[in-house]
Each structure stands twice: as C-alpha cells, then as structure tokens.
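Just so it is clear, the values below take in all heavy atoms, side chains as well, and ignore hydrogens, waters and symmetry mates. Order of the sequence lines fixes the chain letters, A, B, ..., with proteins taken first and strands second; residue numbering starts at 1 for each chain.
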Number of protein chains: 4
Amino acid sequence: MARVSQAHLDARRQQILDAARRCFVRNGFHATSMADLLAEAKMSAGGLYRYFNSKDEIVTAIAAQALHGVSGAIEAVIGAQTLPPLHTIVRRLAGEGSPLCADRDAARLLVQIWAEAARSPRIQERFQEAFSGAEAVIGTLIAEYQRRGLISPEVNHTQAARLLIGLLHGFVVQRALLPDAHPDTFNPGLAGLIFGGTS
Amino acid sequence: MARVSQAHLDARRQQILDAARRCFVRNGFHATSMADLLAEAKMSAGGLYRYFNSKDEIVTAIAAQALHGVSGAIEAVIGAQTLPPLHTIVRRLAGEGSPLCADRDAARLLVQIWAEAARSPRIQERFQEAFSGAEAVIGTLIAEYQRRGLISPEVNHTQAARLLIGLLHGFVVQRALLPDAHPDTFNPGLAGLIFGGTS
Amino acid sequence: MARVSQAHLDARRQQILDAARRCFVRNGFHATSMADLLAEAKMSAGGLYRYFNSKDEIVTAIAAQALHGVSGAIEAVIGAQTLPPLHTIVRRLAGEGSPLCADRDAARLLVQIWAEAARSPRIQERFQEAFSGAEAVIGTLIAEYQRRGLISPEVNHTQAARLLIGLLHGFVVQRALLPDAHPDTFNPGLAGLIFGGTS
Amino acid sequence: MARVSQAHLDARRQQILDAARRCFVRNGFHATSMADLLAEAKMSAGGLYRYFNSKDEIVTAIAAQALHGVSGAIEAVIGAQTLPPLHTIVRRLAGEGSPLCADRDAARLLVQIWAEAARSPRIQERFQEAFSGAEAVIGTLIAEYQRRGLISPEVNHTQAARLLIGLLHGFVVQRALLPDAHPDTFNPGLAGLIFGGTS
DNA sequence: AATGAATGAGAATTCATTCAT
DNA sequence: AATGAATGAATTCTCATTCAT
C-alpha cells in the first residue's frame, strides 16, 4: 500500500517539526504563520497537511516533544551513577553539556509552551504529565539523599521536588529573557545563599 | 476644554485595561481579538481607539503594569519593618495577602507576558527594568541578612537575588499550570529541603 | 433669534472651506479625513456639522467655488477693455497676475475636482454649468475677433471656445503634474507652433 | 513547479486588472472598495492577494498601463507612414479607430489617474515618464514638419509638443465630463479657429 | 504523494457622523 | 453655539485550510 517507506514518512514528519520549532522559537506560536512554517520546511501546504491535520496539532506535538524532553533530561541526570550534590542541580540540568541544555532557544520555546498551556487544556495536560514524571524522579532523588542522611527525613518529597523544579523553571525564565543569564551564575546563588546560609 | 472630567477619561482607560487583562488571562494576547476585548469592555471600536492606538499598545500597557506590579510588590514586602525569614519569602511575595498575590489569573498573565517578552523588544525591556529593580531590592535584603550574620558574607548579592527571583518565577509557573499549586505548599519545600538540609 | 451675527456665520463657513481647500490640495478629497479637516480648521466636529451636513457637502461647495472661480476668471479676462491677442490666452488666464492664477495648488485642486465630477452627478452638473458659462463668454470673444476680421467668419463659436478651454485645461494638467510647467513656456508653443505655422 | 500554466496566471492577473479598471472608471480609485473589486472580478480576497500585494499596487498597475497606453498610442499615430496634418491630431489620437480611443471610460480613467498622480509620487513619476515619451515623439513630428517647411523653423520642439499634448488632455477632460464631447467636434475648432485664423 | 492556487471567514483599524453635556 | 467622546459599519488585508490537478 504505502508508496514510501515508514522511515521516509518519519523523516518528513521530523523535518516539519524541526522547521516548526525554529519558527516558534523565533516568533512564538501565534505569530508564526503556516506560510512561514512551510517556507522554513521547504514544503507545500498540501504536503504538510498529510502529516498533520492542523497547525494546532503541530503546536501540540512540539510542546509534547519539548516537555517530554525536559522530564527525560531530568531523569537522565538524576539516574546517573554518581549522585550530584543538590546545589549543582540547576547547572547539571540546564548547563551546556546536559541533555536538557537550556540554551536561549530552548528556554524561549519552553516559555512559549507554558503560555500556550495556560490556554490549551491539551497542552496543559502534557505539562502536568511531564511535571508529574519529574516530580516522581526527583522525589526518588530526595529519598536517596535522605537515605544517605544528607537531608532531614521529615522533608516532604513532593514539596521538595516542586521547589527544585521551580528553581529550574525560574532559571529558564531568566535564560529566555536576560542576556547574561547562565547556569554557571545561577548555581552559585543556590550554593552560596541557601546551602551556605542558615535561616 | 474637555467635556468630560479627567477622572472619567482615566476610568475609561482603566476599564479598557481591566477588560483586556481579563481577556488576556483567559485566552492570551494573540487569541484575544479586538472584538473579544470590545465586548468585554462594553465599548465600541472607535471609542477604544481614542485611548490606545493599537492592540499592541494595550498589550504593552498590560505587560508594563503587571511587571511593575511584581517589582513593586517585592519592594513592599522587603521594605516591611520586620525582616521576614528567607524561607518564607515566596509565601510572603505570592501569598493571599501579599501585594503581588499571585493567584492563578495573575500567574497566567505573567506567563503570557514572558512569552511575549521573548518576541517583543519593547516588553523584554520592561521585563528587564522590573527585574533589575527587584534584583536591587533583594540585594539590599541579602546585605541586611549578612549584616545580621544570617547569611555568609561571601555570597554574591546579584546571584543570590536572581536565585530568589527564580524561585518566585518558578512558583508562578506552577501556580499558572498546576491546579493544586499554592504558596503554602511551595514554601515548606523551601524551608524543609534547603534550610533544613545540608549539601 | 440668532445669537451671533450673519457675518460671523459666514466667516466661520469660509474658515472651514479654506481649511478644506488646503487639505484637499494636499491629499485629495478621499484621503482627507474629517479629522484632518477639523485639525486644519481648528474646529470641533460638532461645530463643523452646524455649517455643513456632510463631508460631501463640503466637497461639493469647494468644487462649486473653484469651478465658478475659473469661469469667473475667464469672464474677467475676456471682459477687459483691450482685447488680448488669442495666442496669449493661456498666459492671460492662468498666469501669475490673472484672476484664475493657476498656481500648482489651484491646478491640483481642479484635477481633483474633475476626477470627482466623473463620479458625482452633482459636481458634474456644476462643471457643466461653469463650462457653459465659459463657452458663452469665449464665444463672444470669438465673435468680436470675427467682427474685427481677425478670425474667419466661418469658424463655429462653440467648437472654437471648447478648443480654447481645452488648451487651458491641458495646461492645468501640466501645471499640476510637471514640476517645470509654467504659463510662460506653454504660451510660446501656442504662438509659435500654431499661429506661426500653416497646416 | 507550478500546477497551472503561466498563461493561466497571466490571464488571472489580467482578469483582476480588467475588473479593477471597470470599477475605477465607475467609481474612482478611492470609492472602489476591495469588496467591489472582488465581486467584479469574481474572485476571493485571498486569491487576489496572490497577484497583488495591496490595493495600491493595483491602482499603480492600472495607472501605469493607462499612461503607457496613451504614450504608446501617440507613438503609433505619429509613426504612421503618412504624416497627418496637424489640425487632425486630436481626432487621430483620440478618435474611434485610434489606438488610444479616448472613449468616455478611458477619459474618465485618465482623469482619475491625474488626480491620483497629484498625491502619489509613484504615479506622478509614471505620468512624467509617459509624458516625456510623448514629448519626444511629438518633438520628432514637429521637426519633420519643419523639414518639410510646414512649420516655422524657429518653433521650440518641447514647447510645441507640450501644447499639442495639452490639447489632447484638454479634450480628455471634456470627453470625460461633457456628454456631447467628441473628437469630431473638437478637431474642427482646432482647424477652424487656429489654422484658419490669424493672430 | 505532492503541489500551490484558491477560499472566505475573521483580523485590526478608520472614519463620517451623532449627541449628551 | 460649541465641544469632543462615542458609535459601529465599513475597510484593507491575512491566514489556516482545501482540493483540482
């Protein structure tokens, strides 16, 4: 039946998503027209609509991919053999060599996605799924720290995880909107202020 | 000259901004049409355009007001006579009684504004102004803590301030997108995990 | 009854028309908004509408005034005691010192009026009235030339008059649209080519 | 590449221009809305905008076509093998069988174009180009008459050409605005009054 | 499978005009 | 008489999507 291989279809689909991501980073979801996207992907309108039924579907796919990427990156970092010290968590997650690598483009895309998630139940759902995943993984990390006596056993896993994810998200905002934001300057604040201080 | 009082003009302008804010919270900047906005404000198109020259001008005004509101709220909290313990900072800033009061609507609006700031140099500028203001105020707070010996004197003010603002922004994201996010559950994470733990 | 003198009313009306003429010369009838006109006349909308019922009425009044001015100027020149030689007719009518004085502004206004006359029966009527008047006056001039033996008695008055008016209109077009058009350079063509040549 | 032939695209473009010309003749440039034009062309808005980027572009194209048509027609008539007598020039140029054929519609369109040229530098430029072309061609005609001894060698070519073009334009005004204007009644004036008379 | 011309609803904005003050 | 805030229909143009080829 199929006239072209599945691999070809997948590649074409990814070509569209890659082009879309570049456009969305540049201009956001709404200010990117299908014409922009088609030009970036070097495709025809009719061609694209074989792979996605609507612009919205592309937006959702990009959002899902990005959100899944974030929680995946968190799992990758956390799952590493050697447990990183907590105060390096943001650099580990968002720094240059990390699987998440929150460079400015990635950060901008995430901010766009959050904004869209606030309007689209579909994307909000994806956000919550990814968030829950990260929460669980980081909860396990907390438990491990507690097992090793590095964190008080009274700390609530979920609350602690949300705080760490919040730190990461806060960094993403700065990365997206401040020219000089960088994991290496965000991290010391974490180390110095909080772990070095007392309440 | 004017046949209506300045107060009336100001009220009308605010009526537009209030309607715009409600629409933008609900649907974001781009998915809100001028028709939506006009219906919400119960105004005619021509009438509105006496107060703002374009939709963009309204968006910018809303963004400026909101960003300025955040840094103003931070100043208000920090400037209070009694210095709050650091680990209550997010609740103080974003909690129910606070001047910022990051309820879900306010949080959603902020997320929209960040997304728009990533595209609009004008709004990005406003973000950076507000950010710098908050940075300075919190820097002063850090210094005060250091003077009192509560924080190590080696901590860099700017880095520490950025971290605290990041915590706040991270909470805003959760407030906007998680149904159960609340300052009272975010704060304990801060207290428990970080101040109660060791690196 | 009247709270202000008739003279005041007339002056106000003329103030509007003068402002309108300046706007129309600059931008044409359609590209001039009532707001432009109100600013130029330093009046309020409500105020103006006491003197004219619509923008169209102002346009028509300006057109009528201008067209009547042209035929009036022709009468003035023709009616002079000393009969001007025919080949100086355009300079006499359109030159610096003439009552018509087709400077660039006046020429541009006339061209606007013709364009509007092609759409508006009301203005076309005014054009035809003014044209008939000029035709009659120039017809009389032709007759006088014939009486003096300067023109063949076989020449049809109307046809000759239309030709002369055509010359004048042709000059107006050039005056409006060519930077270097001038009665002094248009006239010699008339003198040299036609009266100096033979068929 | 294209799924329709170039001929189809050209035809579509011309279909738009033809519809536009009909609308503009009827109502002028400004009083013709895009909706009018779309209805006349039996096209959708989106379709039309593939061929022209703006209403202004259509106006400019129509103006350019018409102005170029006039100077082209002048060249065609002047370039004929047999040199026409000067006093038949307007009939030759504007009469029924001529390439210019200044029927009422064409005349009205020209008058609209002049009015627009007074406001639009772009169209004014086109007018001046076409005018220069016609000036040059008619200058050559004058020279030929002079070579044959039919016109005094002292006559300035440019001035004479401008006068003849002025005659033509003057006729166009009458054709546009007087119900009974016709080349056959304009010409005799030229023949009778001027060539038959003496100064 | 792919193209790109075509659609038409909907977007932001303007403008002549009205009318409460 | 005069003001200018307000109206809302109309304007130009865009855009996601479809479908004949």
Side-chain angles (χ1 to χ4, degrees), chain A residues 1-4 8-9 12 30-38 42-59, chain B residues 1-5 8-9 12-13 30-38 42-59, chain C residues 1-4 8-9 12 30-39 42-59, chain D residues 1-5 8-9 12-13 30-38 42-58:
Chain A
M1 284 299 120
R3 309 276 278 280
V4 299
H8 174 82
L9 292 177
R12 213 94 158 91
H30 296 277
T32 295
S33 71
M34 289 302 286
D36 294 339
L37 210 159
L38 293 167
K42 296 181 204 306
M43 287 191 86
S44 67
L48 183 143
Y49 276 86
R50 283 200 151 280
Y51 296 90
F52 294 93
N53 291 315
S54 66
K55 181 183 176 181
D56 202 62
E57 217 172 279
I58 299 177
V59 168
Chain B
M1 291 291 130
R3 301 310 295 275
V4 298
S5 65
H8 172 87
L9 294 177
R12 212 91 161 93
R13 197 185 151 92
H30 295 278
T32 294
S33 71
M34 288 306 288
D36 295 340
L37 209 161
L38 292 167
K42 295 183 204 306
M43 288 189 87
S44 64
L48 182 145
Y49 276 89
R50 285 187 72 76
Y51 296 88
F52 294 94
N53 290 317
S54 65
K55 181 182 175 183
D56 200 64
E57 214 171 285
I58 300 177
V59 168
Chain C
M1 284 298 121
R3 310 279 276 278
V4 300
H8 174 81
L9 292 178
R12 214 92 158 91
H30 296 277
T32 295
S33 70
M34 288 301 286
D36 294 339
L37 210 160
L38 292 167
K42 296 179 204 308
M43 288 190 86
S44 67
L48 183 144
Y49 275 86
R50 283 200 151 279
Y51 296 89
F52 294 92
N53 291 315
S54 67
K55 181 183 177 182
D56 202 63
E57 216 171 279
I58 300 176
V59 168
Chain D
M1 292 290 131
R3 301 309 293 276
V4 299
S5 66
H8 171 87
L9 293 177
R12 212 92 161 90
R13 197 184 151 92
H30 296 279
T32 295
S33 71
M34 288 305 289
D36 295 340
L37 209 161
L38 292 168
K42 295 181 204 307
M43 289 189 86
S44 65
L48 182 144
Y49 277 88
R50 284 187 72 76
Y51 295 89
F52 294 92
N53 292 316
S54 66
K55 181 182 177 182
D56 200 63
E57 214 172 284
I58 301 178

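Distance, A:I58 CD1 to F:dC15 P: 15 Å, rounded to whole Å. Rounded to a whole Å, the CZ atom of B:F52 is 16 Å from the C1' atom of E:dA12. Straight-line distance from the CG atom of D:D36 to the C1' atom of F:dT12: 13 Å, rounded to whole Å. Rounded to whole angstrom, the span from the CG atom of D:L37 across to the P atom of F:dA10 amounts to 18 Å. Rounded to an integer number of Å, the gap from B:L48 CG to E:dT14 P is 12 Å.
C:R50 contributes atom CZ, which lies 11.0 Å from atom CZ of C:R12 (distance to the nearest 0.5 angstrom). Atom CG in A:L38 sits 7.5 Å away from atom OH in A:Y49 (nearest 0.5 Å). Interatomic distance, A:I58 CD1 to A:L48 CG, rounded to the nearest 0.5 Å: 4.5 Å. Rounding to the nearest 0.5 Å gives a distance of 7.0 Å between NE2 of B:H30 and NZ of B:K55.
Of the residues near DNA chain F, A:K55 and D:L38, the one whose nearest nucleotide (by heavy atom distance) lies more toward the 5' end is D:L38. Two residues, B:S33 and D:M43, neighbour DNA chain E, and the one matched to the more 5' nucleotide by heavy-atom proximity is D:M43. Map D:A31 and A:S54 each onto its nearest nucleotide of DNA chain F; the residue landing nearer the 5' end is D:A31. Nearer the 5' end of DNA chain E, as judged by each residue's closest nucleotide, is the contact made by D:K42, out of C:T32 and D:K42.
Closest to the A:M34 side chain, of the nucleotides F:dA1, E:dA2, F:dA16, is F:dA16. The C:R12 side chain lies nearest to F:dA2 when the options are F:dA2, E:dA2, F:dA16. Of all nucleotides listed (E:dT7, F:dA6, E:dT13), E:dT7 comes nearest to the side chain of D:S44.
At the heavy-atom level, C:H8 lies under 4.0 Å from the strands shown only through sugar-phosphate atoms.
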Expected rows: protein N/O vs nucleotides 18-21 of chain F N/O, under 3.5 Å:
from   : atom 1 : to   : atom 2 : distance (Å)
F:dT21 : O2     : D:R3 : NH1    : 3.4
F:dT21 : O2     : D:R3 : NH2    : 2.3

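OP1 or OP2 of F:dA6 lies within a sub-4.0 Å distance of a side-chain N or O belonging to B:Y51.
For the residue pair C:F52 and C:E57, the shortest heavy atom distance occurs at CA-OE2, 3.7 Å.
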Pair assignment for DNA chain F - dot-bracket with | for other-strand partners, Watson-Crick or G-U under 3.5 Å: .||||||||||||||||||||
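Counting heavy atoms from C-beta outward, D:Y51 and D:L9 have side chains that approach closer than 4.5 Å.
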